Protein chains: 2
Amino acid sequence: MADHVDQVLAQWAVRRPDLDVSPMAVIGRLSRLSRLVDAELRRTFTAHGLDAASFDVLATLRRSDPPHSLTPAELMRSSMVTSGAITQRLDRLEARGLVSRSPSASDGRSVVVALTGAGRDLIDEALPDHVATEARLLAALTEGERDALATVLGTLLESLGEQSGTSGKGEQGGKGEQSAKDGKA
Amino acid sequence: MADHVDQVLAQWAVRRPDLDVSPMAVIGRLSRLSRLVDAELRRTFTAHGLDAASFDVLATLRRSDPPHSLTPAELMRSSMVTSGAITQRLDRLEARGLVSRSPSASDGRSVVVALTGAGRDLIDEALPDHVATEARLLAALTEGERDALATVLGTLLESLGEQSGTSGKGEQGGKGEQSAKDGKA
DNA sequence: CCCAGATGTCTTAGCGCTGAGATACATTGC
DNA sequence: GCAATGTATCTCAGCGCTAAGACATCTGGG
């Protein structure tokens, strides 16, 4: 397997033999693969009139408890983007009638974002295609390789401080108001 | 050890038990990990007055044959961004005196981009920090795990570099344009 | 030689994100 | 009560990228 990253490693070995660039074998491939995967997923989103950012929000709402509503702060934590990005995502989705915003009853600063019927229909229609695309992207791996990959990536995520919010350390306060995590799965 | 992606999987199992969302265990973690890694690498770049895009170009030039020069088209293929992005990256680097552009002697359409002395100094100074950061990001893995990870990611990259769409269900709009261009031969 | 299509570079409009900060409300300690 | 601090949302300028396309130049088949 002489892929692009192997070439890069070979070039560095000549140009900078003093450096141990072996970490690039992992990080470089991770980076390139992520780009390719993103580009491929985007095609599915586009086919359903969506983009990754919109899909992320709709999917996060969809998998939360009925009536599929969360606050912008929760969406922000789930998607790893800034609050400004969430505001703008919601502006776009609201303008299309896919989500609604209403004032929170319990917190005067906050807003409740809910899936509309149209939003739910759209995400429910796009989801099967999305997971099919993901499955196709992984088709080259055996089930054992897939599991091993998921495990190793999980190890790395944990080591980098990715916390699960409602599990692990068990330090959750009563209402545990940190449901949906992660975006673009 | 339940990370965010495990929670997402558990939520989907409740909300959409009809779907097999297991591919998300890999793709979701890949996506999140890539975000975290990018954010971490950016700190090293910033410490050297660079960003990921500039580092990418300088490093690509640095590891090419002396006199460390390539054409924009070659840089484009290596970095997986569009030609417009390369033009703008080069504009920025040229304005800082880190690269130079001169007309190609052999092809009237083309341009030769070369590292300047300042550009070479900067990338040579940033590189050790960069690989050290990468090594630190992987510190949680054993050498065996790192090798296995690199191998599996390589398998995926190759499978996507060759397939690049036009497979799977026929319902999708099957325009296998580009999207999965890898810099390999 | 000439033309049609391929290729290389650059241009521009538009998009989504970040980072900094404004504003309003909530919570805590005293 | 009230000030100090924390939290939630939104605003906005700036940035880098993409998509589409404008040109110029190259290449190969009549």
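In the text below, chain A, chain B and the rest are named by the order of the sequence lines, each starting its count at 1. These numbers come from the heavy atoms of this one structure, side chains and all, not from hydrogens, waters or symmetry mates. No experiment lies behind these values; they were computed from the predicted model shown.
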Between D:dT9, C:dG16, C:dC25, which nucleotide has the shortest distance from any of its atoms to the side chain of A:Asp107?
->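 So the side chain of A:Asp107 is nearest to C:dC25.
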Kindly point out which of C:dT9, D:dT9, C:dC17 is positioned nearest to the side chain of B:Pro72?
->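 Looking only at side-chain atoms, B:Pro72 lies closest to C:dT9.
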Round to a whole Å and report the spacing from [atom1] of [X] to [atom2] of [N].
X        : N      : atom1 : atom2 : value
B:Arg101 : C:dG8  : CZ    : C1'   : 13 Å
A:Phe45  : C:dC15 : CZ    : C1'   : 17 Å
A:Ile86  : D:dC10 : CD1   : C1'   : 13 Å
A:Leu90  : D:dA8  : CG    : P     : 15 Å
B:Asp38  : C:dT18 : CG    : P     : 12 Å
A:Gln88  : C:dT18 : CD    : C1'   : 9 Å
A:Phe55  : C:dG16 : CZ    : C1'   : 18 Å
B:Met80  : D:dA19 : CE    : P     : 13 Å

Answer yes when A:Arg15 and B:Asp65 have at least one side-chain N-carboxylate O distance shorter than 4.0 Å, and no when they do not.
->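 Looking at B:Asp65 together with A:Arg15, the answer is yes, because their closest N to O distance falls below 4.0 Å.
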Charged N to carboxylate O below 4.0 Å: is that the case for A:Asp51 and A:Arg89?
->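 Between A:Arg89 and A:Asp51 there is no salt bridge, as every charged N stays at least 4.0 Å from the carboxylate O atoms.
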Under 4.0 Å between any heavy atoms, over every strand shown, what does [X] touch: base, sugar-phosphate, or nothing? Just pick one.
X        : answer
B:Thr87  : base
A:Ala85  : base
A:Ala53  : sugar-phosphate
B:Ser104 : nothing

Has A:Arg89 got a side-chain N or O lying under 4.0 Å from the OP1 or OP2 atom of C:dC17?
->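 The answer is yes; a side-chain N or O of A:Arg89 sits under 4.0 Å from OP1 or OP2.
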Looking only at side-chain N and O atoms, does A:Arg42 come under 4.0 Å of OP1 or OP2 in D:dT18?
->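 For D:dT18, OP1/OP2 do not have a side-chain N/O of A:Arg42 under 4.0 Å.
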So does B:Thr82 reach the base of D:dC17 with its side chain, donor to acceptor, closer than 3.5 Å?
->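 No, no donor-acceptor pair under 3.5 Å.
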Ignoring hydrogens and angles, are the base of D:dT9 and the side chain of A:Arg109 linked by a donor-acceptor pair under 3.5 Å?
->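 Looking at the base of D:dT9, it does not pair with any donor or acceptor on the side chain of A:Arg109 (distance under 3.5 Å).
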So, A:Phe55 versus A:His48, ring centres under 6.0 angstrom or not?
->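 Ring-ring flag for A:Phe55/A:His48: false, centres at least 6.0 Å apart.
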Under the side-chain hydrogen bond (donor to acceptor under 3.5 Å, both in side chains) rule, what do B:Ser110 and B:Ser104 come out as? Steps first, then yes or no, please.
-> CA-CA 5 Å; B:Ser110 193; B:Ser104 166; 4.8 Å; no
Checking side chain to side chain contact (heavy atoms under 4.5 Å, CB included) against A:Leu156, which of B:Leu36, B:Leu138, B:Leu137 comes through?
->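 Among B:Leu36, B:Leu138, B:Leu137, the one that satisfies the side chain to side chain contact (heavy atoms under 4.5 Å, CB included) with A:Leu156 is B:Leu138.
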Taking for each residue the nucleotide of DNA chain D bearing the nearest heavy atom, is the 5' side occupied by A:Gly84 or by B:Gly108?
->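 It is A:Gly84, whose closest nucleotide lies nearer the 5' terminus.
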Please figure out whether A:Val81 or B:Ser83 has its closest DNA chain C nucleotide nearer the 5' end.
->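 The 5'-side residue here is B:Ser83.
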